Amino acid sequence: MVNSAQKNKKKISEITRQEIIDLTQMGFCDPDTSENIKIFWNGKLAEPEFLSRLYDLSQMKSTDNRFTNAIGDIWQHRVNNYDWVDDWVFYDSRFAIKTGSDEDFLRFISEMFHPAVRDENKNWEYLIKLFNDLLRIDGFELYEKPHISGSTLYGWRCINSVNIVIQNQVRNLIQSFDSEHIRVQIEAMNIAIDKNPYDAIGKAKELLETCCKTILNYNGIVLDTSWDVIRLTKETCNVLKLTPDDIANTNKASETIKRLLGNLSVISQSMAELRNSYGSGHGKDAKFKGLSPRYARLAVGASVTAVHFLWETYQEKQRRITP
């Protein structure tokens, strides 16, 4: 169990926070135009409107005795008179952006890139890259979440436990499949790892099934509705000639390759068993206790790696057929 001291422990250093604040204050050189770009933290919204998305300003004290809460003094000094500096919010103790918890800091900078906030006429994507270059040093990053009305939404996550290889494979799969269904499926699976591990396990199995069905359909194989993920994986390996029997004994490390290919069927069987016992899709009784996120991360990693290998093999064979 995580105690309050562990929860409130700050991993994002004072240096990282200040450098991110400096980028927001002073701007950055746009690599596309070589111009200095300043992206305001409140984007295209009025400052009180932006802050109200994150804080209950009506419950925050005013620093001006003429007003009863933060709504009044922020409006007076940033909308009516405009006599506070542009980046006052980073140094206002009520918001504690510079000194508060990692979560509060990350929520604030993530909100800067919300579709309802960001200025699409400025290179906000590059600012995210600069922020991530700094955040990754302390073990965090901003990342793409499921889209809203076609616009990219960003959240934050700890990357100390994220397998970077798996994340790269996920990005490659989203681009390679070029399918809205696959993209949503993969993104939902990743989001569910920490929040709903049982759901992530179920989606990991479904991703493997979807990949196999896609490859089999592209190869003109008529699918039997009774085929489970184990049979689908077997048929896909047959089509792609990925069975151990297809590896010539003269190949270097042939035995190792055969064992690896044999493990593809083990992965599919394990995914099926894990999903049946701990994944979504089957009703559970009231005493059901799911697995922790690390098991979901293992299941997702195994599924993504297998799918990535199968899909790359399919693409490679297609390139040989169509020069």
Side-chain angles (χ1 to χ4, degrees), residues 12-54 74 77-79 81-92 95 97-98 102 104-159 162 164 167-180 183-184 186-187 190:
I12 302 177
S13 70
E14 181 181 351
I15 295 174
T16 296
R17 292 175 189 238
Q18 188 60 57
E19 288 183 332
I20 287 176
I21 291 171
D22 289 344
L23 276 171
T24 308
Q25 288 177 318
M26 297 182 291
F28 58 92
C29 181
D30 189 326
D32 297 329
T33 64
S34 297
E35 297 178 8
N36 191 67
I37 302 295
K38 178 175 172 63
I39 294 181
F40 292 94
W41 52 267
N42 54 302
K44 58 190 177 187
L45 302 181
E47 292 178 11
E49 184 181 358
F50 172 86
L51 292 171
S52 293
R53 297 171 64 89
L54 297 169
I74 294 172
H77 295 285
R78 287 300 296 166
V79 179
N81 281 348
Y82 207 71
D83 56 2
W84 284 353
V85 295
D86 287 343
D87 298 299
W88 63 275
V89 70
F90 295 117
Y91 305 100
D92 191 312
F95 302 98
I97 296 170
K98 187 177 178 181
D102 292 336
D104 289 341
F105 181 78
L106 291 163
R107 282 180 62 243
F108 185 94
I109 63 174
S110 295
E111 194 67 19
M112 291 172 56
F113 303 104
H114 191 283
V117 175
R118 67 191 184 226
D119 185 347
E120 298 291 353
N121 295 317
K122 294 185 178 180
N123 194 351
W124 54 268
E125 293 103 330
Y126 188 65
L127 184 58
I128 286 182
K129 177 187 179 304
L130 295 177
F131 278 9
N132 276 336
D133 288 343
L134 295 168
L135 289 171
R136 288 191 182 107
I137 297 173
D138 295 325
F140 294 92
E141 70 174 1
L142 304 182
Y143 75 102
E144 289 189 27
K145 297 171 65 177
H147 296 197
I148 294 180
S149 301
S151 298
T152 309
L153 186 67
Y154 285 88
W156 62 270
R157 64 187 172 196
C158 176
I159 59 173
V162 173
I164 300 302
Q167 293 303 317
N168 289 336
Q169 289 178 340
V170 165
R171 283 191 288 269
N172 289 340
L173 285 176
I174 291 174
Q175 294 173 356
S176 297
F177 274 113
D178 191 24
S179 162
E180 181 69 8
R183 181 188 65 75
V184 171
I186 291 175
E187 289 178 348
N190 276 315

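Because the structure is a prediction, the values reported are computed rather than measured. Only heavy atoms go into these numbers, but all of them, side chains included; no hydrogens, no water, no symmetry mates.
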Open item on the list: One pair to check against side-chain contact (heavy atoms from CB on, under 4.5 Å): Thr152 and Glu125. What are the steps and the verdict?
Closed with: CA-CA 10 Å; Thr152 309; Glu125 293 103 330; over 6 Å; no
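- Applying the salt bridge (Lys or Arg N to Asp or Glu O under 4.0 Å) test to Glu35 and every residue at least two apart in sequence or in another chain returns nothing.
- Counting only distance, with no hydrogens or angles, the side chain of Asn42 and the backbone of Phe50 share no donor-acceptor pair below 3.5 Å.
- Taking the side chain as every heavy atom from C-beta outward, Ile20 and Ile12 never approach each other to under 4.5 Å.
- With sequence neighbours excluded, no residue forms a salt bridge (Lys or Arg N to Asp or Glu O under 4.0 Å) with Lys44.
- In this structure, CD1 on Ile128 lies 12.0 Å from CG on Asp133, to the nearest 0.5 angstrom.
- Heavy-atom neighbours of Leu130 CG from other residues, nucleotides or ligands within 6.0 Å: above the threshold of 12.
- A donor-acceptor contact shorter than 3.5 Å links the side chain of Asn132 to the backbone of Leu142.
- By the 4.5 Å heavy-atom criterion applied to side chains, Met112 and Arg118 are not counted as neighbours.
- With sequence neighbours excluded, the residues satisfying ring pair (Phe, Tyr, Trp, His ring centres under 6.0 Å) with Phe28 are Tyr126.
- Counting all heavy atoms, side chain and backbone alike, Gly27 lies closest to Asn36 at C-OD1, 3.9 Å.
- For an aromatic pair to be called close, the ring centres must be under 6.0 Å apart, and Phe95 with Phe108 fails this.
- Residues His77 and Asp83 meet the side-chain proximity criterion, which asks for heavy atoms closer than 4.5 Å.
- Residue Arg136 holds its CZ atom at 13.0 Å from OG1 of Thr16, rounded to the nearest 0.5 Å.
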- [ ] May I have the step-by-step check of side-chain contact (heavy atoms from CB on, under 4.5 Å) for Val89 and Glu47, ending in yes or no?
- [x] CA-CA 9 Å; Val89 70; Glu47 292 178 11; over 6 Å; no
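- Within the model, atoms NZ of Lys122 and CD1 of Ile39 stand 6.5 Å from one another, a figure rounded to the nearest 0.5 Å.
- Asp30 meets the side chain to side chain contact (heavy atoms under 4.5 Å, CB included) test with Asp32, Thr33, Ile37, Asn123; sequence neighbours excluded.
- You'll find the side chain of Glu144 reaches within 4.5 Å of the side chain of Tyr154, heavy atoms only.
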Task: side-chain contact (heavy atoms from CB on, under 4.5 Å) evaluation trace for Ile109 with Thr24 - done: CA-CA 10 Å; Ile109 63 174; Thr24 308; over 6 Å; no
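- Partners of Lys38 under the salt bridge (Lys or Arg N to Asp or Glu O under 4.0 Å) rule, at least two apart in sequence or in another chain, are Asp87.
- Taking the six-membered ring where the residue is Trp, Phe113 and Trp124 present tilted rings, their angle falling between 30° and 60°.
- The CG atom of Asp138 sits 9.5 Å away from atom CZ of Phe105, with the distance rounded to the nearest 0.5 Å.
- Heavy atoms from other residues, nucleotides or ligands lying under 6.0 Å from CD of Glu120 number more than 12.
- Between Leu45 and Ala116 the shortest heavy-atom distance is CD2-O, 3.6 Å.
- Annotation: salt bridge (Lys or Arg N to Asp or Glu O under 4.0 Å) contacts of Asp86 (sequence neighbours excluded): Arg78.
- One finds a salt bridge joining Asp102 and Arg17 here, because a Lys/Arg side-chain nitrogen approaches an Asp/Glu carboxylate oxygen to under 4.0 Å.
- Using a 4.5 Å heavy-atom cutoff, the side chains of Trp41 and Ile21 are not in contact.
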